[in-house]
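This is the structure, below, for whatever I ask next.
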Amino acid sequence: MSPVPSPVVDSPTLRKARGAFFTPEEITRFVAAWALRDQDDRVLEPSAGDAAFLVAAVDRLRGLAGAASAVPQVDAVEIHGESVRAASARVAATGGRADIREADFFTVDPQPVYDAVIGNPPYIRYQGFTGEQRARAQRAALRGGVSLNGLASSWAAFTIHSSLFLKPGGRLGLVLPAELLTVNYAAPVRRYLFDHFRSVDLVMFDEQVFPNAEADALLLLADGYRQGPTDQAVIRSARNAAALTTLSPGQSWTPSDPSAKWTVALVDPDASRALAMLRDEGNFTTLKAWGDTSLGMVTGNNTYFTMSPQRARDLGLGRSELLRISPPGSAHLRGLAMTRQKLDALGQAGRATWMFYPTDHPSPAAAEYIKDGLRTGVNEAYKCRVRQTWYKVPLLPPADLLLTCMNADTPRLVTNSAQARHLNSVHGVRLNTEVRDIGNELLSLASLNSATLLSAELVGRAYGGGVLKIEPREADVWAMPSLTTVREHAAPLREAKPRVSKLLESGDLAGAVDTIDNIVLADLEKPAREALREARAVLSGRRTSRSGNGR
């Protein structure tokens with residue numbers, strides 16, 4: 001057992017700040033067994049932490065040596081001094097010898113002498129990964145020919161830099177965030193892996209293996225460095241870390257573009273073919289073909305700027321000093337339309353359906369409310385103080401459709417019949433002029449089909465808690481029934497609208513989707529429709545099952 005660092009030197013908060021999440025033994029042993037194949041293999045752990053991978057490597061090398069008496073040598077880098085000392089002692093207690101360099105890994109010049117590099121790179125989101133630290137990481141990635149943008153988290157550069165320590169034919173075994181599959185900034189990392197390795201295997205987990213981390217994890221097993229490129233990856237799945245001992249052979253997947261998102265690798269090929277056929281035959285298109293998706297308005301302080309009708313009356317604010325808004329959040333956007341009647345009902349229930357927006361000559365009541373904002377420091381919030389007039393929220397025109405961006409089930413398109421403005425808790429879709437009428441009437445309804453729901457899982461991002469997030473650029477490529485399809489099925493869609501609305505009101509999304517599938521996907525053979533439905537259920541199930549394990 002490793003020594004416990006003093007709380008003065010280290011703590012869970014400090015470990016999280018530097019992205020240190022220590023790895024379960026089942027994972028370290030699995031990765032070491034895969035990566036180390038000969039007793040003379042040289043191994044590097046680029047972020048030693050508590051030496052979990054080093055201990056697993058020593059045990060593996062001793063097992064490969066059999067009766068040989070040599071003491072296994074393992075190398076590592078670790079930025080945290082106390083962890084260096086604790087890790088060295090732990091390796092020695094295991095019967096090995098560790099050469100651990102105390103340094104920022106990105107400052108270590110790569111020497112391509114290792115048969116294997118294994119570990120769990122630090123995970124620091126871009127918000128906390130700044131300044132010289134980020135610059136060092138970007139320079140390290142550039143050594144491998146990879147340019148990372150400013151949104152990249154620390155693991156991306158770590159992956160590239162780690163590979164540069166491998167000799168030709170070497171093996172890279174890393175625990176990485178599942179962001180590898182989905183985020184745009186990881187595109188050059190995905191391309192790099194296919195270009196530089198002979199084979200790429202991914203092991204996915206149904207449950208979260210790091211409950212305290214904000215991201216899901218996977219195992220990257222890349223073999224044959226500088227013996228690429230490869231044109232395919234093998235995708236394997238395990239329920240949890242303990243299930244790695246019974247891992248299935250997996251499924252091969254060949255992407256048309258390795259830099260594109262890899263989420264599709266988790267989808268049954270029959271479903272992928274059905275989705276591609278819908279697009280190729282013109283039955284489906286993208287949301288971008290219907291209109292533009294954009295972020296919502298940013299107030300800087302929703303508590304101050306948004307208010308219920310009763311609050312507005314209490315303050316004495318007039319109608320000319322208020323703008324109608326969809327309330328903050330998106331839980332109320334689960335039907336087909338946000339009507340004036342529904343918005344009024346939300347306001348009567350105490351929800352914030354008004355936004356403070358005084359005229360150039362504020363009324364006495366508005367002037368008093370502005371003074372209250374000054375007294376309480378609202379004007380000092382960043383988004384407020386950078387405005388020419390701090391209490392004038394930059395406006396966006398009302399969108400045709402409202403798009404929920406953080407979702408437990410699936411993104412929803414809701415017709416904005418109330419013509420309310422929207423905040424940045426939802427996105428807005430402004431339909432192209434030529435499709436505005438039919439889009440307002442039927443697109444939110446037609447979008448409730450299995451192909452569109454599956455596409456949402458593929459283009460969106462799974463976050464901690466099982467949330468599926470979709471950003472405007474991702475929404476642009478979200479699969480939607482085409483204008484031709486909606487026009488051809490307009491009559492049955494109109495007939496089904498009251499029934500679907502009632503199903504949604506009762507929370508029966510599955511029933512609503514089944515109804516629309518029988519209309520929009522009627523021309524698909526039943527096995528293809530079932531493949532789409534099952535594939536969406538699998539991806540959605542992975543998200544929600546991990547949310548339960550992360551709490």
Worksheet item: Does the side chain of S248 pick up a donor-acceptor pair with the side chain of R236 at under 3.5 Å?
Response: no

Worksheet item: Has the side chain of S450 got a donor or acceptor atom that lies under 3.5 Å from a matching backbone atom of L532?
Response: no

Worksheet item: Would you call the rings of Y304 and F356 parallel, tilted or perpendicular, where under 30° means parallel and over 60° means perpendicular?
Response: perpendicular

Worksheet item: Does any N or O in the side chain of R542 come within less than 3.5 Å of the main-chain N or O of A537, such that one atom is a donor and the other an acceptor?
Response: no

Practice prompt. Output yes when a side-chain donor or acceptor of T415 lies under 3.5 Å from a complementary backbone atom of S417, and no otherwise.
Written response: no

Worksheet item: Can a donor-acceptor pair be found between the side chains of S444 and S447 at a distance below 3.5 Å?
Response: no

Discussion item. Does this structure show an ion pair linking E471 with R461, if we count only N-O contacts that are shorter than 4.0 Å?
Written reply: no

Practice prompt. If a pair satisfies side chain to side chain donor-acceptor pair (under 3.5 Å) and one of its residues is in residues 519-531, list it, with sequence neighbours excluded.
Written response: N518-R529

Which pairs would a plain distance check flag for residues 399-409, meaning a side-chain donor or acceptor within less than 3.5 Å of a matching protein atom at least two apart in sequence or in another chain?
unit_1 : atom_1 : unit_2 : atom_2 : d
D400   : OD1    : R436   : NE     : 3.4
D400   : OD2    : L431   : N      : 2.8
D400   : OD2    : R436   : NE     : 3.2
T404   : OG1    : N407   : OD1    : 2.5
T404   : OG1    : R412   : N      : 2.8
N407   : ND2    : T404   : O      : 3.2
N407   : ND2    : L468   : O      : 3.3
D409   : OD2    : R412   : NH2    : 2.9

Worksheet item: Is it true that atom NZ of K383 has more than 12 heavy atoms of other residues, nucleotides or ligands lying nearer than 6.0 Å?
Response: no

Discussion item. Walk me through whether W262 and W253 qualify under side-chain contact (heavy atoms from CB on, under 4.5 Å).
Written reply: CA-CA 10 Å; W262 287 2; W253 164 69; 3.2 Å; yes

For residues 228-235, which side-chain donor-acceptor pairs fall under 3.5 Å, sequence neighbours excluded?
unit_1 : atom_1 : unit_2 : atom_2 : d
T230   : OG1    : R198   : O      : 3.4
T230   : OG1    : Q232   : N      : 3.4
T230   : OG1    : Q232   : O      : 3.3

Worksheet item: Hey, does the side chain of W354 reach the backbone of G347 with a donor-acceptor pair shorter than 3.5 angstrom?
Response: no

Item to complete: Ignoring hydrogens and angles, tell me if any N or O in the side chain of S154 forms a donor-acceptor pair with the backbone of P122 under 3.5 Å.
Response: yes

Item to complete: Answer yes or no: does atom CG of D437 have more than 12 heavy-atom neighbours from other residues, nucleotides or ligands under 6.0 Å?
Response: no

Discussion item. Determine whether L176 and N120 satisfy the following criterion, side-chain contact (heavy atoms from CB on, under 4.5 Å), listing intermediate values before the conclusion.
Written reply: CA-CA 7 Å; L176 296 180; N120 181 359; over 6 Å; no

Discussion item. Between R190 and D195, does the salt bridge (charged side-chain N to carboxylate O under 4.0 Å, His left out) criterion hold? Intermediate values first, please.
Written reply: CA-CA 9 Å; R190 295 190 285 262; D195 284 349; over 6 Å; no

Worksheet item: Which residues satisfy the ring pair (Phe, Tyr, Trp, His ring centres under 6.0 Å) test with F284, sequence neighbours excluded?
Response: none

Worksheet item: Do any N or O atoms from the side chain of T306 and from the backbone of T303 form a donor-acceptor pair under 3.5 angstrom?
Response: no

Worksheet item: Side chains of Q310 and D314: is there a donor and an acceptor less than 3.5 Å apart?
Response: yes

Worksheet item: Out of curiosity, D216 CG to D206 CG, how far, rounded to the nearest 0.5 Å?
Response: 10.5 Å

Practice prompt. Show the numbers, then the answer: is there a salt bridge (charged side-chain N to carboxylate O under 4.0 Å, His left out) between R273 and D270?
Written response: CA-CA 5 Å; R273 283 192 289 270; D270 289 340; 2.3 Å; yes

Item to complete: Check for a donor-acceptor pair, side chain of H422 on one end and backbone N or O of G428 on the other, with a separation under 3.5 Å.
Response: yes

Worksheet item: Under the side chain to side chain donor-acceptor pair (under 3.5 Å) test, which residues partner T159, sequence neighbours left out?
Response: none

Worksheet item: Can you tell me if CD on E25 sees more than 12 non-hydrogen neighbours from other groups inside 6.0 Å?
Response: no

Discussion item. Among residues at least two apart in sequence or on other chains, which ones pass side chain to side chain donor-acceptor pair (under 3.5 Å) with H332?
Written reply: S326

Discussion item. How about CZ on R334, more than 12 heavy atoms from neighbouring residues, nucleotides or ligands closer than 6.0 Å, or not?
Written reply: yes

